[in-house]
Trainee: 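Please find one structure pasted underneath; my questions will follow.
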Amino acid sequence: KQWYQRRVAITAGELFKSTISNQAVLELCSFGMLQKKIAVDEEGKILPKGLRYAGYRNFLNICRLRFIGKNRRYALPACVVMKIRSLYPSKTGKYKSFKNSEFSTRI
């Protein structure tokens, strides 16, 4: 087989599975993030929206990309976005799309 036929999606890798696909680990990682950005319910349980946010941030950490924010954004691979959305779906099925900024980059 050619090298491109043997490639595996990042979402099938062990690091992705053991961190982002594992809800308990993702919840633990979310405590280190800014609490105002993590969506929680009245009892303090993290909502799927918050888990998606934590998943996106953790993926960027895996890629060693830091200093993200309003003016510095990274467009994640479609397979990563779709996998995180399938793991932590929205009740309505509606999601926010990528917003470009002055320093937007695709990874």
Side-chain angles (χ1 to χ4, degrees):
K1 287 186 175 182
Q2 298 293 327
W3 66 270
Y4 56 84
Q5 293 172 322
R6 293 184 301 224
R7 293 191 326 178
V8 177
I10 187 94
T11 56
E14 278 306 310
L15 187 57
F16 192 95
K17 287 180 184 178
S18 63
T19 56
I20 297 168
S21 294
N22 186 327
Q23 185 172 338
V25 171
L26 196 58
E27 287 176 359
L28 184 61
C29 291
S30 71
F31 288 113
M33 298 176 189
L34 297 174
Q35 293 298 317
K36 66 180 181 177
K37 294 195 177 197
I38 300 294
V40 296
D41 63 12
E42 307 84 41
E43 299 170 1
K45 184 178 178 199
I46 301 173
L47 297 172
K49 179 180 179 180
L51 292 169
R52 286 191 304 275
Y53 175 81
Y56 301 142
R57 293 289 299 235
N58 278 338
F59 180 77
L60 291 172
N61 286 336
I62 289 170
C63 296
R64 294 190 169 115
L65 296 170
R66 307 276 196 277
F67 311 112
I68 61 174
K70 183 176 160 183
N71 293 319
R72 180 165 295 206
R73 299 174 187 265
Y74 296 94
L76 303 179
C79 63
V80 171
V81 173
M82 297 307 293
K83 182 66 175 182
I84 291 172
R85 287 179 178 177
S86 72
L87 291 168
Y88 312 109
S90 165
K91 288 181 182 177
T92 64
K94 295 183 181 181
Y95 303 93
K96 290 185 179 181
S97 61
F98 179 75
K99 296 179 185 177
N100 281 314
S101 70
E102 187 177 349
F103 299 105
S104 294
T105 307
R106 294 205 172 282
I107 55 171

Trainee: I need the Ile38 CD1 to Leu47 CG distance, nearest 0.5 Å.
Mentor: 10.5 Å
Trainee: Got a second to check how far Ile46's CD1 is from Asp41's CG, nearest 0.5 Å?
Mentor: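 Rounded to the nearest 0.5 Å, the CD1-CG separation comes to 9.5 Å.
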Trainee: Taking all non-hydrogen atoms of both residues, which atom of Leu87 and which atom of Ser21 are closest, and how far apart?
Mentor: CD1-OG, 3.6 Å
Trainee: In the structure I gave you, are the side-chain heavy atoms of Leu51 and Gln23 within less than 4.5 Å of one another anywhere?
Mentor: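 Counting from C-beta outward, Leu51 and Gln23 do come under 4.5 Å.
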Trainee: State the CD1-OH distance between Ile84 and Tyr53, to the nearest 0.5 angstrom.
Mentor: 12.5 Å
Trainee: Evaluate the side-chain proximity of Tyr95 to Pro89: yes if any heavy-atom separation is below 4.5 Å, no if none is.
Mentor: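 Pro89 reaches Tyr95 side chain to side chain.
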Trainee: Just so I know, are the side chains of Pro77 and Phe59 near enough to count as touching, which here means a heavy-atom distance under 4.5 Å?
Mentor: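 Sidechains of Phe59 and Pro77: in contact.
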Trainee: Please list, chain by chain and in numerical order, all residues satisfying side chain to side chain contact (heavy atoms under 4.5 Å, CB included) with Val81, sequence neighbours excluded.
Mentor: Tyr56, Leu76, Arg85
Trainee: Between Met82 and Ile62, is there shared hydrophobic-cluster membership here, with clusters defined by ILVMFWY side-chain heavy atoms closer than 4.5 Å?
Mentor: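 Unlinked, Met82 and Ile62 end up in two clusters.
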Trainee: Go through the structure and list residues passing side chain to side chain contact (heavy atoms under 4.5 Å, CB included) with Lys49, not counting sequence neighbours.
Mentor: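 Once residues adjacent in sequence are excluded, the partners of Lys49 under the side chain to side chain contact (heavy atoms under 4.5 Å, CB included) criterion are Ala39, Arg52.
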Trainee: For the atom pair CG (Leu28) and OG (Ser30), what is the distance rounded to the nearest 0.5 Å?
Mentor: 7.5 Å
Trainee: Are any non-hydrogen side-chain atoms of Asn58 and Ile20 less than 4.5 angstrom apart?
Mentor: yes
Trainee: Taking side chain to side chain donor-acceptor pair (under 3.5 Å) as the definition, give me every residue that meets it alongside Thr92, ordered by chain and number, with sequence neighbours left out.
Mentor: Ser90
Trainee: Measuring only between side-chain heavy atoms, which start at C-beta, is Ile10 closer than 4.5 Å to Val80?
Mentor: yes
Trainee: NZ of Lys17 to OG1 of Thr11: how many Å apart, nearest 0.5 Å?
Mentor: 8.5 Å
